[in-house]
Amino acid sequence: MNKKYTYNEKDNSIEVIYSPSWGEKYNTAIQDFCNDYGIDMEKFDLPVTIGSEVKSCSGLFMGCKNFNQKVVIPEGVKSCFEMFLDCHKFNQPIAIPNSVNVVYAMFRSCLSFNQAVTIPEKVTITSAMFMDCEVFNQSIIIPDNTVSCIAMFKNCKAFNQKVILPSGIIESQSMFEGCISYNQPIIIGENVQNYNMMFYGCKSLNQQIELKSSSRCDEAMFKDCVALNPENVNLYCKKIVKTSLEKKIQRLWGIEDVEEIEEYRDKINIVRVKAESKLKIEKVHCVLTDNKQYDFTYEELKKMTLEEIHKKLETIYRENKLISLEISEKSDMSMKTLCVYFDKSLFCIGAVDEWDGIDYYYDSGEGEELVDIQGNLYPKHMVSSDSNLLFLIIDEFIKSGKLTRKVKWRK
């Protein structure tokens with residue numbers, strides 16, 4: 001007896017009992033049945049029960065163009081990869097159990113399919129799930145954990161439902177390509193890294209598009225969107241440069257004509273957003289007396305509060321153990337190091353921005369004469385004996401990565 005299925009001749013029905021091993025791509029139970037009984041898979045249309053022991057339905061009905069029977073997927077199944085691929089006549093109500101985490105191309109090329117579908121929360125990739133489902137037009141909720149929607153509704157000619165993209169989406173290229181009926185507002189979040197051809201050929205699209213991502217992977221996003229007015233596109237930018245904006249418009253709409261690009265540039269809505277500086281205090285390096293050194297590592301700093309860092313540094317300072325102190329921060333806009341050098345009663349303050357190559361000096365306003373600290377000569381305007389001022393500067397730098405405005409700095 002074939003171990004992949006059982007055949008009930010009386011009911012002319014099949015029960016799938018085979019679950020592919022880890023290295024096998026497809027569940028070939030139906031394919032084996034057709035081979036055993038000399039049936040053309042394209043014409044297969046018998047009732048099928050899926051056994052409770054089955055964990056993968058990948059490719060189970062793939063290529064069964066005539067198949068249109070009700071299917072119950074049991075709880076415990078994890079993969080529905082290409083399960084109904086090319087089932088041209090399939091159009092049955094179907095429930096996907098919560099155990100399923102793979103739905104890639106599940107209904108691809110189901111030309112007649114138009115049933116309500118709930119995507120399980122475990123799913124992270126919905127790519128090609130309804131691709132080429134020409135009559136599909138059902139409301140869909142994309143799970144919050146989803147990261148990729150590549151070609152999810154590509155060539156769904158009838159599809160016109162509002163879709164909310166979760167904040168974690170990073171790939172949406174060709175998502176609505178060829179959806180000639182699609183005309184819904186949508187927000188493309190700032191985390192999306194690739195949205196090439198996302199609406200390519202959406203000839204009816206003329207709703208508000210919020211484009212928050214600044215990725216360059218945006219080729220032909222609106223190409224052949226003949227109804228889309230540039231006024232309906234809100235383009236979020238941190239920095240507006242005429243030439244770069246024109247290049248982006250050229251890529252988005254796939255246009256070459258200079259005058260047309262300029263026309264789009266004048267009509268498109270530019271939303272200026274403030275660049276966020278994601279601060280990271282990478283390291284605090286202390287040079288101590290007796291040739292000793294002490295470092296606060298990044299992992300250690302992540303666990304410490306500003307108050308704890310302040311207290312520890314001040315203790316070392318009060319014990320007269322500090323010779324020099326370097327606090328390094330890194331953000332997406334700069335890489336600065338605050339430097340402090342110590343004598344018995346004086347300290348010298350400076351900072352350097354390693355990205356810009358600029359040195360900043362504390363300016364006390366006390367002239368240009370030199371002062372000897374630890375055997376080195378420093379301008380007097382860099383020197384202070386006010387420890388409260390010192391820790392004000394240190395606290396502000398650790399907290400915000402900025403040189404405090406309450407003291408004077410000059411380049």
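A heavy-atom distance below 4.5 Å is found between the side chains of Leu165 and Met175. Side-chain contact check for Leu403 versus Leu338: some heavy-atom pair is nearer than 4.5 Å. Looking only at side-chain heavy atoms (C-beta outward), Asn155 and Glu134 stay at 4.5 Å or farther from each other. Side-chain contact check for Ser213 versus Tyr195: some heavy-atom pair is nearer than 4.5 Å. Counting heavy atoms from C-beta outward, Ile119 and Met129 have side chains that approach closer than 4.5 Å. Residues Leu325 and Val284 have side chains in contact (heavy-atom distance under 4.5 Å, counting atoms from C-beta outward). Using a 4.5 Å heavy-atom threshold, the side chains of Asp32 and Tyr18 count as separate. Side-chain atoms of Phe199 and Ile188, non-hydrogen and from C-beta on, do get closer than 4.5 Å to each other.
Between the side chain of Asn269 and the main chain of Glu231, a donor-acceptor pair closer than 3.5 Å is present. In this structure a side-chain-to-backbone donor-acceptor pair under 3.5 Å is missing from Ser99 to Lys78. Judged by distance alone, the side chain of Ser328 and the main-chain N or O of Thr337 form no donor-acceptor pair under 3.5 Å. Remark: the backbone N or O of Glu15 is not paired with any side-chain donor or acceptor of Thr49 at under 3.5 angstrom. With hydrogens and angles ignored, the 3.5 Å screen pairs a side-chain donor or acceptor of Ser215 with a backbone N or O of Gln193. Asp40 places a side-chain N or O within donor-acceptor distance of the main-chain N or O of Glu42, the cut-off being under 3.5 Å. Checked by atom type and distance alone, the side chain of Thr297 pairs as donor or acceptor with a backbone atom of Glu300 at under 3.5 Å. Counting only distance, with no hydrogens or angles, the side chain of Glu329 and the backbone of Ile398 share no donor-acceptor pair below 3.5 Å. Between the side chain of Ser204 and the backbone N or O of Ile180, at least one donor-acceptor pair lies under 3.5 Å.
A side-chain donor from one of Asn114 and Gln138 sits under 3.5 Å from a side-chain acceptor of the other. Side-chain contact, Asn194 with Glu171: no donor N or O sits under 3.5 Å from an acceptor N or O. Judged by distance alone, the side chains of Lys89 and Asn66 do bring a donor and an acceptor atom under 3.5 Å apart. Side chains of Asn160 and Gln184: a donor-acceptor N/O pair is present below 3.5 angstrom, by distance only. Side-chain atoms of Ser174 and Glu177 include a donor-acceptor pair closer than 3.5 Å. Of the N and O atoms on the side chains of Gln207 and Asn232, not one donor lies less than 3.5 Å from an acceptor on the other residue. Ser148 and Ser127 are linked by a side-chain donor-acceptor pair at a separation below 3.5 angstrom, with hydrogens and angles left out of the test.
Checking each of Phe107, Tyr26, Phe67 against Phe61 for a ring pair (Phe, Tyr, Trp, His ring centres under 6.0 Å) leaves exactly one that passes, namely Phe67. Each of Asp395, Thr305, Thr315 was evaluated against His310; a single residue qualifies, Asp395, per the side chain to side chain donor-acceptor pair (under 3.5 Å) test. Screening Val103, Val100, Val71, Ile96 for a side chain to side chain contact (heavy atoms under 4.5 Å, CB included) with Met83, the sole residue that qualifies is Val71.
Taking OH of Tyr104 as the start and OG of Ser58 as the end, the distance is 12.5 Å to the nearest 0.5 Å.
Within a 6.0 Å sphere centred on CZ of Arg318, other residues, nucleotides and ligands contribute more than 12 heavy atoms. Residue Ile164 qualifies as open at atom CD1: its count of foreign heavy atoms under 6.0 Å is 12 or below. In the displayed structure, Lys55 atom NZ is contacted under 6.0 Å by more than 12 heavy atoms of other residues, nucleotides or ligands. Within 6.0 Å of CD1 in Ile141 there are 12 or fewer heavy atoms belonging to other residues, nucleotides or ligands. Atom CD of Glu75 sits in a crowded spot, with more than 12 heavy atoms from other residues, nucleotides or ligands closer than 6.0 Å.
Among all heavy-atom pairs drawn from Cys64 and Ile30, the shortest one is SG-CG2, 4.2 Å. Nearest heavy-atom pair across Gln208 and Val233 is NE2-N, 4.3 Å. Minimum heavy-atom separation, Ser167 to Asn191: O-ND2, 2.9 Å. A pairwise comparison of heavy atoms in Ile17 and Tyr5 identifies CG1-N, 3.7 Å as the closest pair. Of all heavy-atom pairs spanning Asn145 and Glu121, the tightest one is ND2-O, 3.2 Å. Residue Val383 comes nearest to Val371 through the heavy atom pair CG2-CB, 4.2 Å, listed as atom of the first residue, atom of the second, then distance.
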Starting from the C-alpha separation in whole Å, work towards a yes-or-no answer on side chain to side chain contact (heavy atoms under 4.5 Å, CB included) for Trp409 and Ile393.
CA-CA 11 Å; Trp409 295 84; Ile393 295 170; 3.8 Å; yes
Run the side chain to side chain contact (heavy atoms under 4.5 Å, CB included) check on Thr124 and Thr146 step by step: do they pass?
CA-CA 4 Å; Thr124 58; Thr146 304; 5.7 Å; no
Applying side chain to side chain contact (heavy atoms under 4.5 Å, CB included) to Leu60 and Ile50, what does each step give before you reach the verdict?
CA-CA 10 Å; Leu60 186 60; Ile50 301 173; 3.9 Å; yes
What verdict does the side chain to side chain contact (heavy atoms under 4.5 Å, CB included) test give for Asp295 and Lys283, after you've listed the backbone C-alpha separation in whole Å, the side-chain angles of each residue and the deciding distance to 0.1 Å?
CA-CA 7 Å; Asp295 289 330; Lys283 188 176 178 182; 3.6 Å; yes
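Relative ring orientation between Phe33 and Phe44 is described as perpendicular, the plane-to-plane angle rising above 60° on a 0-90° scale split at 30° and 60°. Relative orientation of the Phe113 and Phe90 rings is parallel, given thresholds of 30° and 60° on the angle between their planes. In this structure, Phe136 and Phe130 have parallel ring planes: the angle between them is below the 30° cut-off, well short of the 60° mark.
Seen from the ring of Phe296, Lys312 counts as a face-on cation partner, given the 6.0 Å and 45° thresholds.
Sorted by first then second residue, the side chain to side chain donor-acceptor pair (under 3.5 Å) pairs that include residues 252-262, not counting sequence neighbours, are Gln250-Glu256.
Checked against the 6.0 Å centroid criterion, the rings of Tyr378 and Tyr341 qualify as a close aromatic pair.
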List the atom pairs, donor and acceptor, that lie under 3.5 Å between side-chain atoms in residues 216-226 and the rest of the protein, sequence neighbours left out.
residue: Asp218; atom: OD1; partner: Arg251; partner atom: NE; Å: 2.8
residue: Asp218; atom: OD2; partner: Lys248; partner atom: NZ; Å: 2.7
residue: Asp218; atom: OD2; partner: Arg251; partner atom: NH2; Å: 3.3

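With respect to the salt-bridge test (charged N to carboxylate O, under 4.0 angstrom), the residues Lys311 and Glu307 do not qualify.
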